[in-house]
Trainee: 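Got a structure here, written out as structure tokens. Questions coming.
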There are 2 protein chains.
Amino acid sequence: MKHMVTANDVAKLAGVSQSSVSRVYFEGAKVSEKTRAKVLAAAEQLGYRPNEFARSLITNKTKIIGLVMKGVENPFYPQVLKQFTTAFKKLGYSVLFVHTQNEEIQPEDVETLLNYNVAGVIITDAAMSLKVAEDFRSNRIPLVFFNRKLNTDEFYSVCCNNLDASRKVAEYLISQDVKDMVYISGNGNTSTSLEREAGFMEILQKTGIPHRKYASDYTYTGGFQTALGIVDEGRAPSAIFAANDIMALGVIDALKKKSLRIPEDVKVVGFDNIDMAAWLGYQLTTWEQPIEEMVKKTIEYIMAEIADYTGLAKAVEIDGKLIKRKTA
Amino acid sequence: MKHMVTANDVAKLAGVSQSSVSRVYFEGAKVSEKTRAKVLAAAEQLGYRPNEFARSLITNKTKIIGLVMKGVENPFYPQVLKQFTTAFKKLGYSVLFVHTQNEEIQPEDVETLLNYNVAGVIITDAAMSLKVAEDFRSNRIPLVFFNRKLNTDEFYSVCCNNLDASRKVAEYLISQDVKDMVYISGNGNTSTSLEREAGFMEILQKTGIPHRKYASDYTYTGGFQTALGIVDEGRAPSAIFAANDIMALGVIDALKKKSLRIPEDVKVVGFDNIDMAAWLGYQLTTWEQPIEEMVKKTIEYIMAEIADYTGLAKAVEIDGKLIKRKTA
DNA sequence: CTGAAAGCGCTTACAG
DNA sequence: CTGAAAGCGCTTACAG
């Protein structure tokens with residue numbers, strides 16, 4: 001068995017009480033400089049480290065944030081993971097990574113989060129039922145939907161302003177003098193795909209530009225196959241708006257395979273601005289999601305709720321910007 | 001304050017002792033079916049869930065695995081993260097994700113891992129000093145270096161057989177009738193880059209094929225710039241072996257930019273077989289790392305050490321295979 | 001400012 | 001098989 005050095009061991013060596021040792025390590029507690037010095041010296045000598053579990057048990061608080069994610073194949077999400085982890089570390093919080101295979105978060109994942117009494121949970125591209133979300137609420141655990149919304153407005157969400165962004169994409173494309181357009185959607189019922197479609201279609205309808213929609217799945221292969229199908233139908237449009245970048249890259253490869261020139265024959269616009277969009281092989285014109293700002297807003301909310309739980313619900317939307325490159 | 005349902009509450013409702021409630025939830029403990037039924041009914045009614053922290057405090061064990069990672073921009077690593085998370089979940093373990101900005105794992109990250117008394121730690125592309133590694137050992141926490149080795153053989157590591165793999169890459173390239181070759185390395189002192197270089201060079205030296213080495217950094221941009229430099233020198237070789245795929249993709253884009261044909265003018269081989277290597281825009285010939293098998297070996301070791309700590313050190317190496325596509 | 005003591009929610013010998 | 005009790009390593013009123 002590994003022997004743990006406890007506050008008691010330190011207390012004995014330092015010649016103070018165990019409470020004093022505790023006070024040295026508990027932020028906000030008061031100790032004299034003299035005691036602090038004695039304790040720190042003894043602790044150093046013994047290699048003392050406060051036990052997080054004992055601490056959490058008594059305070060009923062943890063420094064763990066649950067981050068739920070599905071599509072790590074889309075580089076957008078590892079980026080999100082990285083930024084959250086980095087930002088939370090500065091605040092003294094660690095992230096418990098939960099990966100859901102399925103579209104929807106599984107009961108055992110919810111169990112895990114609840115068992116560890118996480119200080120907050122962020123759910124990204126996985127779906128969560130209303131019932132589960134209520135579970136977190138009833139446990140007073142702050143929850144935010146990141147880059148996704150529930151179709152009720154009873155929870156906190158942080159997204160890019162998808163509606164406005166896709167309107168701007170449509171307007172930009174129209175200004176490029178296109179005849180007809182195609183929207184390639186992501187997974188059917190995701191709020192992101194739905195909103196991007198709505199904004200895009202709204203402008204096209206308003207301006208009377210012919211348009212069609214094809215359903216895909218937010219993957220490279222999905223984008224690739226969908227675009228191949230479109231060309232094989234003999235109905236290549238003058239512009240394609242893909243609901244995310246990784247699909248857009250598949251679209252580009254498919255169009256190239258069919259010897260169509262980009263942007264001359266077909267223009268392509270994506271969404272996210274992942275690293276690869278800038279690669280010379282693609283040079284994708286896309287809408288940049290303001291990840292940094294989105295992460296910041298999410299953390300602000302969670303921290304505020306940790307300090308003083310309100311259960312506040314709000315749909316926060318942050319603008320991004322159009323990044324013009326070579327594909328449109 | 002959120003009120004927690006405790007084993008005591010359940011005990012009262014079920015009309016049994018708190019110990020009996022505990023036994024129902026503690027694997028391996030014995031309870032009669034009758035008691036179990038009573039407890040489960042009461043627990044269900046109250047929404048009871050055992051407190052992980054109290055449990056960890058008393059058993060001095062956790063179900064948390066620390067996973068340390070740096071380069072999430074290289075799709076190889078999110079893939080590794082996903083596979084570990086999935087496999088550990090099945091065993092009832094969760095993963096605490098630790099992202100290091102710097103090349104080397106930071107003291108505060110080590111603190112975190114130690115404070116949470118993690119059941120094991122896996123360190124991927126970040127570096128860890130010998131001193132820190134010893135820290136884990138002295139706390140009897142199993143540690144494995146995944147896809148990286150320390151330059152001492154005192155720790156457990158799981159890697160692809162890089163030496164053999166790169167020899168095979170060299171032999172394959174030679175069979176393609178090349179005149180001279182270039183090796184583009186990853187970050188200088190990583191074991192992977194060093195080993196891949198060693199195996200590759202060994203064969204080239206043996207067969208007397210002219211070769212040069214360029215130092216890069218395992219990123220797309222690094223590969224791109226390095227290849228650009230090589231061409232600008234007017235010394236494009238007949239084949240380039242990049243130490244990982246993401247650099248190889250950069251190399252391809254640079255060569256294309258310089259209007260060199262692949263594989264006719266220059267052949268390119270990568271390492272990893274990330275998803276993108278198969279994309280139509282690249283069709284990269286590469287060495288596939290057997291992630292699944294590597295993950296499996298890592299987990300086997302960690303589980304064995306959790307059950308019975310030995311501190312066993314070993315360098316496990318697993319073969320991968322050459323994936324022939326269009327670039328060589 | 002400091003110490004003795006209670007208690008967080010569990011597991012686990014120890015009796016019965 | 002079950003219960004009463006001790007104890008894991010902390011925080012936090014409560015006195016002094």
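Per chain, numbering begins at 1; letters A, B, ... match sequence-line order.
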Trainee: Who is the Watson-Crick or G-U wobble partner of C:dA4, with both distances under 3.5 Å?
Mentor: none
Trainee: Can you tell which of D:dT12, C:dG9, D:dG9 lies closest to the side chain of A:F26?
Mentor: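 Of all the options, the side chain of A:F26 is nearest to D:dT12.
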Trainee: I need the CG-P distance between A:N115 and C:dC10, as an integer number of Å.
Mentor: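 So the two atoms are 10 Å apart, to the nearest Å.
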Trainee: Is there a side-chain polar atom (N or O) of A:Y25 under 4.0 Å from OP1 or OP2 of D:dT12?
Mentor: no
Trainee: Out of D:dG7, D:dG9, D:dT2, which nucleotide sits closest to the side chain of B:I58?
Mentor: D:dG7
Trainee: To the nearest angstrom, how far is A:R55 atom CZ from C:dG7 atom C1'?
Mentor: 17 Å
Trainee: Please confirm whether the backbone N or O of A:A304 pairs with a side-chain atom of A:D308, one donor and one acceptor, at under 3.5 Å?
Mentor: no
Trainee: Using whole Å, what does the distance between atom C1' of nucleotide C:dG3 and atom CG of A:N8 come to?
Mentor: 12 Å
Trainee: Round to a whole Å and report the spacing from NZ of B:K63 to C1' of C:dT11.
Mentor: 14 Å
Trainee: Provide the Watson-Crick or G-U wobble partner of C:dA13, both distances under 3.5 Å; none if there is no partner.
Mentor: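 WC or wobble partner does not exist here.
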Trainee: At under 4.0 Å between heavy atoms, what does B:S20 touch on the DNA or RNA strands: base, sugar-phosphate, or nothing?
Mentor: sugar-phosphate
Trainee: Spell out yes or no: do the side chain of B:R23 and the base of D:dG3 have one donor N/O and one acceptor N/O closer than 3.5 Å?
Mentor: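 Yes, a donor-acceptor pair under 3.5 Å.
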Trainee: NA contact type, B:Q18, heavy-atom cut-off 4.0 Å: base, sugar-phosphate, or nothing?
Mentor: base
Trainee: Verify side chain to side chain contact (heavy atoms under 4.5 Å, CB included) between A:N187 and A:D125, making sure each step is shown before the conclusion.
Mentor: CA-CA 10 Å; A:N187 305 47; A:D125 61 338; over 6 Å; no
Trainee: Under 6.0 Å from the CD atom of A:E292, do we count more than 12 heavy atoms belonging to anything else shown?
Mentor: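 No.
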Trainee: Would you find a donor on one side and an acceptor on the other, under 3.5 Å apart, between the side chain of A:N74 and the backbone of A:F76?
Mentor: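 Side chain of A:N74 to backbone of A:F76, a donor-acceptor pair under 3.5 Å: yes, one is there.
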Trainee: Distance-only criterion, 3.5 Å: show the donor-acceptor pairs between side-chain atoms of residues 34-57 of chain B and protein atoms not counting sequence neighbours.
Mentor:
{"from": "B:T35", "atom 1": "OG1", "to": "B:S32", "atom 2": "OG", "distance (Å)": "2.7"}
{"from": "B:N51", "atom 1": "OD1", "to": "B:F53", "atom 2": "N", "distance (Å)": "2.7"}
{"from": "B:N51", "atom 1": "OD1", "to": "B:A54", "atom 2": "N", "distance (Å)": "3.1"}
{"from": "B:R55", "atom 1": "NH2", "to": "B:Y25", "atom 2": "O", "distance (Å)": "3.1"}
{"from": "B:S56", "atom 1": "OG", "to": "B:E52", "atom 2": "O", "distance (Å)": "3.1"}
{"from": "B:S56", "atom 1": "OG", "to": "B:K61", "atom 2": "O", "distance (Å)": "3.0"}

Trainee: State, without any angle test, whether B:N117 and B:N60 hold a side-chain donor-acceptor pair at a distance under 3.5 Å.
Mentor: yes
Trainee: Please state how far atom NZ in B:K61 lies from atom P in C:dC10, giving the value in whole angstrom units.
Mentor: 18 Å
Trainee: Return the residues of residues 32-46 of chain A meeting this criterion: a heavy atom under 4.0 Å from some atom of DNA chain C. Order them by number, or give none.
Mentor: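 The answer is A:S32, A:T35.
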Trainee: Any non-hydrogen side-chain atom of A:L81 less than 4.5 Å from a side-chain atom of A:T124?
Mentor: no
Trainee: Using a 4.0 Å heavy-atom cut-off across all strands, classify A:V21 as base, sugar-phosphate, or nothing.
Mentor: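 The answer is nothing, as A:V21 stays clear of every strand by at least 4.0 Å.
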Trainee: Counting only side-chain nitrogens and oxygens, does A:T6 get under 4.0 Å of the OP1 or OP2 atom of D:dG9?
Mentor: no
Trainee: What is the separation between atom CG on A:L57 and atom P on C:dA6, rounded to the nearest whole Å?
Mentor: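 My rounded result for the distance is 18 Å.
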Trainee: Can you tell me the distance, in whole Å, between the CG atom of A:D9 and the P atom of D:dC8?
Mentor: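 Taking atom P of D:dC8 as the reference, CG of A:D9 is at 11 Å.
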Trainee: Which nucleotide in the list C:dT12, C:dC8, C:dC10 gets nearest to the side chain of B:S19?
Mentor: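 Output: C:dT12.
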Trainee: Report the distance from atom CG of B:N60 to atom P of D:dC10, rounded to the nearest whole Å.
Mentor: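 Spelled out: CG on B:N60 to P on D:dC10 is 11 Å.
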Trainee: Within the side chain of B:Y301, is there an N or O that forms a donor-acceptor pair under 3.5 Å with the backbone of B:L312?
Mentor: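 Answer holds: yes.
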